[in-house]
2 protein chains.
Amino acid sequence: MTPSIGLVERLTREIVQTIRAENLQPGQTLPSAKVLAERFEVTVPTVREALRRLEATGSVELMHGSGTYVREAINRRILDNPHYVPVDLAAAIELLDARVAIEPGIAELAAQIQSAEAVASMESALDNALQVETAVPAGHFHVELARASGNRALHEMLVSLLAIHSRTQQAARTTYDRLRDHDEHADILDAIKRGDGFEAAHRTRKHLEAIKTVVLADWADDPQTDDAANKEAEQ
Amino acid sequence: MTPSIGLVERLTREIVQTIRAENLQPGQTLPSAKVLAERFEVTVPTVREALRRLEATGSVELMHGSGTYVREAINRRILDNPHYVPVDLAAAIELLDARVAIEPGIAELAAQIQSAEAVASMESALDNALQVETAVPAGHFHVELARASGNRALHEMLVSLLAIHSRTQQAARTTYDRLRDHDEHADILDAIKRGDGFEAAHRTRKHLEAIKTVVLADWADDPQTDDAANKEAEQ
DNA sequence: CGCACCAAAGTGATTAGATGACTTAAACAC
DNA sequence: GTGTTTAAGTCATCTAATCACTTTGGTGCG
């Protein structure tokens with residue numbers, strides 16, 4: 001039924017199934033390439049090609065001299081393209097538009113769920129943002145908000161959007177006021193804690209639209225050099 | 001500045017940049033592995049590892065005896081995890097919930113945009129669905145709807161969601177009435193053509209919730225064998 | 001005893017060359 | 001002109017070896 005699928009692809013699936021069968025958790029190591037090669041009766045280069053596939057999707061990480069480690073993304077459905085080359089500001093705006101489209105719904109779900117620990121995570125994220133120069137990953141308020149929705153697909157989508165956004169030039173240039181950001185997050189969280197889904201959604205939308213406005217304003221003040229931007233836009 | 005990044009990862013980036021620099025479009029072939037090896041002054045196995053990474057994310061495809069082809073996903077930001085092992089019905093419901101959360105917003109955007117060609121694509125998808133046993137990919141009404149939103153990130157998210165859903169056992173078992181599906185799609189499209197974003201969003205939400213109801217009903221009638229399901233659920 | 005240094009083992013990284021299998025298209029025969 | 005055959009190009013996989021990095025455990029000095 002699967003007549004002509006390559007050996008590497010089959011091997012990749014077998015490795016994934018092995019990880020799941022042996023219940024290997026993120027952080028744990030896989031057997032060495034040599035051992036895997038013997039177990040699946042292939043050679044080391046073939047195993048390495050399979051591992052490179054898994055590496056590209058963040059399912060594993062190959063660490064020189066140390067070993068091959070299972071990574072979180074093995075449990076993710078939605079990923080960001082690690083080979084995507086970010087370009088223009090229009091793409092950054094597009095990402096913000098996407099967030100405007102989906103995050104209000106996420107906030108509404110979070111308000112309905114009302115998980116205690118999720119609320120705690122969001123409060124924690126609220127504090128962290130004021131102190132550490134927290135990057136995009138975990139601990140980010142919007143990520144915790146998405147986690148609080150209880151829907152892993154939505155959570156993974158938002159993580160992906162933010163990961164892509166962080167690779168954009170505009171990410172660093174955006175100068176959204178730290179305190180204002182904090183206050184608006186607090187307002188959203190407040191609505192969630194009250195279980196007011198409608199208000200949480202509304203505040204989230206306004207918050208993101210405000211960010212978008214700032215980004216656009218920054219752009220107007222100091223338009224970037226968009227050599228590669230035009231080529232991307234016309235396609 | 002990039003102290004200890006592997007040779008393969010660097011090579012992968014260089015290949016992507018080469019593709020973009022030479023403006024290679026999906027369907028076109030890359031130079032042979034041997035040529036790439038000489039150009040970047042590495043050996044063939046190293047090139048192959050880099051290509052396997054790109055293959056895992058759908059950016060390229062290696063075809064035995066033919067060549068290495070550029071694929072559409074090289075322009076995608078959001079991907080579905082090709083190594084994800086689908087499991088239980090709960091995950092399928094989660095995907096539908098995610099769609100309920102984001103698709104109404106997409107429909108609203110589509111109604112605001114009102115692209116003529118996008119509307120044509122949706123009408124085409126409407127007809128196809130009644131005739132061909134169209135699978136998940138292009139031509140699917142909901143995919144065209146997402147495309148009509150004008151936001152590529154949203155479009156890619158929906159494609160990813162549907163791709164994952166298609167790999168679920170429940171995908172085939174869902175027996176949503178073909179005619180009812182068509183009629184509800186037509187109703188959504190009708191609202192979009194009128195520019196009524198609110199109504200388009202509302203009808204989209206109702207449509208997806210109805211599908212969810214049917215899936216749940218199917219499950220109640222004929223509960224599946226969920227050996228692997230429980231392990232996933234408790235985590 | 002405790003700490004620093006060092007050596008060895010394990011592992012991944014990369015290279016090298018060779019063989020096999022598949023695809024495509026050109027050359028050829030009919 | 002059509003069909004077959006042949007040859008070249010390409011990916012697929014293997015074998016073998018060397019290099020680089022990490023970790024660990026010991027060894028010896030203080």
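By convention in this document, chain letters (A, B, ...) are assigned in the order of the sequence lines, proteins followed by strands, and residues within each chain are numbered from 1.
- Not counting sequence neighbours, the partners of Glu55(A) by the salt bridge (charged side-chain N to carboxylate O under 4.0 Å, His left out) test are Arg52(A), Arg53(B).
- Residues that satisfy the salt bridge (charged side-chain N to carboxylate O under 4.0 Å, His left out) test with Glu38(B), not counting sequence neighbours, are Lys34(B).
- The CG atom of Leu7(A) sits 15 Å away from the C1' atom of dC22(C) (whole-angstrom rounding).
- Put simply, CD1 on Ile5(B) is 10 Å from P on dT14(C), counting in whole angstrom units.
- For Glu14(A), the side-chain hydrogen bond (donor to acceptor under 3.5 Å, both in side chains) test picks out no residue, with sequence neighbours left out.
- Map Val35(B) and Tyr69(A) each onto its nearest nucleotide of DNA chain D; the residue landing nearer the 5' end is Val35(B).
- For the salt bridge (charged side-chain N to carboxylate O under 4.0 Å, His left out) condition, the pairs that include at least one residue of residues 61-70 of chain B, sequence neighbours left out, are Glu61(B)-Arg71(B).
- Ala153(A) and Ile78(A) make their closest contact through O-CG1, 4.2 Å (heavy atoms, listed as atom of the first residue, atom of the second, distance).
- Annotation: proximity of residues 37-53 of chain B to DNA chain D (heavy atom, distance under 4.0 Å) is found for Arg48(B), Arg52(B), numbered in ascending order.
- Under the side-chain hydrogen bond (donor to acceptor under 3.5 Å, both in side chains) criterion, Ser115(B) pairs with no residue, sequence neighbours left out.
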Are any protein N/O atoms closer than 3.5 Å to N/O atoms in nucleotides 5-10 of chain C? If there are, list each pair with its distance.
| from | atom 1 | to | atom 2 | distance (Å) |
| --- | --- | --- | --- | --- |
| dG10(C) | N2 | Gly65(A) | O | 2.9 |

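- In this structure Glu72(B) satisfies the salt bridge (charged side-chain N to carboxylate O under 4.0 Å, His left out) test with no other residue, sequence neighbours excluded.
- Of all nucleotides in DNA chain D, those with any atom nearer than 4.0 Å to a heavy atom of chain B start and finish, going 5' to 3', at dG9(D) to dT13(D).
- dT15(C) atom P lies 16 Å from atom NZ of Lys34(B), rounded to whole Å.
- In this structure, the salt bridge (charged side-chain N to carboxylate O under 4.0 Å, His left out) partners of Glu22(B), at least two apart in sequence or on a different chain, are Arg39(B).
- For Asp80(A), the side-chain hydrogen bond (donor to acceptor under 3.5 Å, both in side chains) partners at least two apart in sequence or on another chain are Arg167(A).
- Residues forming a side-chain hydrogen bond (donor to acceptor under 3.5 Å, both in side chains) with Thr204(B) (at least two apart in sequence, or on another chain): none.
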